[in-house]
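Every number for a ligand or one of its atoms is a count from 1 in the order of the listing.
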Amino acid sequence: MAAILIDGRAVAAKWKGDLALQAAELSADGTEPHLAVVLVGDNAASQVYVRNKENACRKAGIRSTVIRLAEDCDQEQLENTVRSLNDDAGVHGILVQLPLPRHLDEAAVLRLIDPNKDVDGFHAMNSGRLMNGQKGFIPCTPLGVMKLLEAYDIPVSGKHAVVIGRSNIVGKPMAMLLLAADATVTVCHSKTENLKELVRQADIVVAAVGRAAFVTADMIKPGAVVIDVGINRVDGAIVGDVDPAAAEAAGYLTPVPGGVGQMTIAMLLHNTLEAVREYGR
Ligand code: GUN
């Protein structure tokens, strides 16, 4: 039986509509939400992602400013840019688009972002808050996954969730969120032995490895919920980490494109409005 496809576009559209209403209310109350994006260099994928963020902000009535720095900009210039955004009371959210050119110290830059403007949720203060079950900014992609599960009334409590990938951006925060929702969580990665056996035990699989068709149909327990976070370019097409043939085994599957990716931007808008409500007025 073919899986039910989770329509991330439709869920994200509903979120964006609600967020636009919230943004309009905040503006009417005298605070126009404002997201600042720092883009260093000319990575083609990053240019596209940043343009999508700008467009989504405009449609939601959120002001966005993109600060473009040259590929060869130095650490001091980048850090001074972040400092001035931290000090600017008219900026509520700061996002430094990753990856940075290799000569720059990414960890040092992320550490510098005011945790109360860290709408990506990458600052150690926010990952610590997530780890400790405290309120804070949650990275947009894993937060979007949780909202998709909620939108489809997919139960998480007591279920075995297997997260494939251990990045700071997706895998680790994803595991923390699933754990906070009372799942039993296994985190797999490139060194995991018996990956197939482990994934086959999962009621919920989250694939965030960054390799096309890494998760195959034979790894999926019949009826499992399969969330594909991958965005891989193969011969000019965008494909996920899950082989589309997995749809024959899965109960639910997020398509790529049209699944999780749409939710990431919606959650960025959500976090930006949270920044206004919590710290911005
Ligand atoms: N590069 C790829 N995904 C992301 C993201 O969610 N945030 C930032 N800042 N950079 C990224």
Side-chain angles (χ1 to χ4, degrees), residues 8 12 15 34-57 62 64-69 71 73 78-79 81-82 85-86 91-102 104-115 117-127 130 136-148 163 165-174 176-177 206-211 227-233 238-241 254 256-257 259-272 274-275:
W15 269 88
H34 185 187
L35 171 69
V37 177
V38 181
L39 174 58
V40 184
D42 29 47
N43 178 301
S46 292
Q47 306 272 351
V48 174
Y49 292 143
V50 168
R51 201 176 321 126
N52 291 343
K53 288 168 188 174
E54 279 183 286
N55 287 340
C57 281
I62 294 173
S64 70
T65 304
V66 180
I67 297 109
R68 291 186 166 78
L69 300 177
E71 181 83 26
C73 102
L78 175 55
E79 292 192 2
T81 301
V82 171
L85 295 171
N86 283 345
V91 168
H92 307 103
I94 301 171
L95 180 154
V96 176
Q97 186 67 29
L98 304 178
L100 291 171
R102 290 165 63 97
L104 295 169
D105 182 344
E106 187 172 296
V109 174
L110 296 182
R111 221 167 26 237
L112 202 60
I113 295 174
D114 179 345
K117 297 187 178 189
D118 171 37
V119 287
D120 256 332
F122 294 166
H123 191 287
M125 178 72 81
N126 284 313
S127 33
L130 175 58
F137 291 111
I138 296 168
C140 302
T141 299
L143 181 58
V145 170
M146 296 308 289
K147 299 300 182 191
L148 277 183
V163 178
R166 55 174 161 178
S167 70
N168 291 338
I169 296 182
V170 182
K172 283 189 230 171
M174 188 77 252
M176 286 300 136
L177 286 171
V206 181
V209 259
R211 281 171 58 183
I227 306 291
D228 190 351
V229 178
I231 301 180
N232 309 293
R233 201 171 286 270
I238 299 291
V239 300
D241 290 348
T254 61
V256 177
V260 174
Q262 301 294 319
M263 292 300 288
T264 297
I265 289 190
M267 292 305 110
L268 174 63
L269 306 180
H270 165 76
N271 281 353
T272 303
E274 278 294 288

Option set Asp120, Ile231, Asn43, criterion heavy-atom distance to atom 7 (N) of ligand 1, minimum: Asp120

Taking distance alone, with no angle check, do Leu98 and ligand 1 share an N/O pair under 3.5 Å? yes

I'd like to check which ligand 1 atoms, numbered from 1 as shown, lie under 4.0 Å from a non-hydrogen atom of Leu95. 9 (N)

What one should report as the nearest heavy-atom pair of Val91 and Ala36 is CG1-CB, 3.9 Å

Hey, are the side chains of Ile113 and Asp120 touching, using non-hydrogen atoms and a 4.5 Å cut-off? no

Heteroatom proximity flag, Gln97 to ligand 1, N/O under 3.5 Å: yes

Considering all heavy atoms, the nearest Phe137-Asn271 contact: CE2-O, 3.3 Å

Can you check whether Thr264 has an N/O within less than 3.5 Å of an N/O in ligand 1? no

Looking at Arg211, is its backbone amide N or carbonyl O close enough to the side chain of Asp241 to form a donor-acceptor pair, meaning the two atoms are under 3.5 Å apart? yes

Return yes when at least one protein heavy atom is under 4.0 Å from atom 3 (N) of ligand 1, and no when none is. no

Checking side-chain contact (heavy atoms from CB on, under 4.5 Å) against Val119, which of Leu268, Ile94, Ile138 comes through? Leu268

Can an N or O of Val96 be found at a distance shorter than 3.5 Å from an N or O of ligand 1? yes

Is it true that His92 and Thr272 share a donor-acceptor pair across their side chains at a distance under 3.5 Å? no

